[in-house]
Amino acid sequence: MGDILKLIDAAGARPQLLLVPHTTNDCAAFDDFTSYLSSKNKAGVVRTSAGPRLFVLPPTHETLKLAFSDQADCLYVIALEDDEARAHNGPSSHHSHHQASYASGYSRT
């Protein structure tokens, strides 16, 4: 995951989306997936046919530092256009200044 974090940091990208369970019924599967990514030191990568590549990052120390966050009960999603992901061309104006938002209205607290 270190290479992915370097790529994201070089592009100047920050998380645009925080993923949390939608309902209490989703918590177990969400926690399992988060634990899996964390234990393997991996990130999920979603490739879309006509859009950005999405990186789903677990709340590791490095991710929280990159996200300027201390919220450890969510997954962080960062979008990079394919040309950014390949070329490390620096920050793109539509990525670097977005405020992260929640994908679900459910809160565990």
S.K.: Do the side chains of Gln71 and Asp73 get nearer than 4.5 Å, heavy atoms only?
M.R.: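 Touching, per the 4.5 Å side-chain cut-off.
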S.K.: Report yes if some heavy atom in the side chain of Leu37 is under 4.5 Å from a heavy atom in the side chain of Leu75; otherwise report no.
M.R.: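 Sidechains of Leu75 and Leu37: in contact.
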S.K.: Do other residues, nucleotides or ligands put more than 12 heavy atoms under 6.0 Å from Asp32 CG?
M.R.: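 More than 12 within 6.0 Å, yes.
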S.K.: Quick one: does Tyr76's side chain get under 4.5 Å of Leu19's, heavy atoms only?
M.R.: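 Counting from C-beta outward, Tyr76 and Leu19 never come under 4.5 Å.
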S.K.: Any side-chain heavy-atom pair from Leu54 and Ile78 closer than 4.5 angstrom?
M.R.: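 A side-chain contact is absent here, since even the closest heavy-atom pair is not under 4.5 Å.
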S.K.: Report yes if the side chains of Leu7 and Leu80 come closer than 4.5 Å at any heavy-atom pair, otherwise no.
M.R.: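 Contact flag for Leu7/Leu80 side chains = yes.
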S.K.: Atom SG in Cys74, atom CZ in Phe30: separation rounded to 0.5 Å?
M.R.: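 It comes to 6.5 Å.
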S.K.: With sequence neighbours left out, what residues match Thr48 under side chain to side chain contact (heavy atoms under 4.5 Å, CB included)?
M.R.: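 In terms of side chain to side chain contact (heavy atoms under 4.5 Å, CB included), with neighbours along the sequence ignored, Thr48 is linked to Val46, Pro52.
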S.K.: Please confirm whether the backbone N or O of Ala79 pairs with a side-chain atom of Gln16, one donor and one acceptor, at under 3.5 Å?
M.R.: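 The answer is yes, because a donor-acceptor pair under 3.5 Å joins these two groups.
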S.K.: So do the side chains of Leu57 and Ile8 get within less than 4.5 Å of each other, counting heavy atoms only?
M.R.: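 A side-chain contact exists here, since the closest heavy-atom pair is under 4.5 Å.
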S.K.: Applying side-chain hydrogen bond (donor to acceptor under 3.5 Å, both in side chains), name anything that partners Asp26, two or more places apart in sequence or on another chain.
M.R.: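 Thr23.
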S.K.: If we only count heavy atoms from C-beta on, is the Pro58 to Tyr36 side-chain gap below 4.5 Å?
M.R.: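 No; the side chains remain at least 4.5 Å from each other.
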S.K.: Mind listing the closest non-hydrogen atom pair of Pro59 and Thr34 along with its distance?
M.R.: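 That closest heavy-atom pairing would be CD-CG2, 3.6 Å.
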S.K.: Look at Asp9 together with Lys65 and state whether they make a salt bridge at an N to O cut-off of under 4.0 Å.
M.R.: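 Answer for the salt bridge query: no.
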S.K.: Any donor-acceptor pair under 3.5 Å linking the side chain of Arg14 with the backbone of Leu66?
M.R.: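 Indeed, once roles are kept as given, a pair shorter than 3.5 Å links the two residues.
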S.K.: Counting C-beta onward and ignoring hydrogens, is there a side-chain heavy-atom pair between Met1 and Thr63 closer than 4.5 Å?
M.R.: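 Yes, close enough: below the 4.5 Å cut-off.
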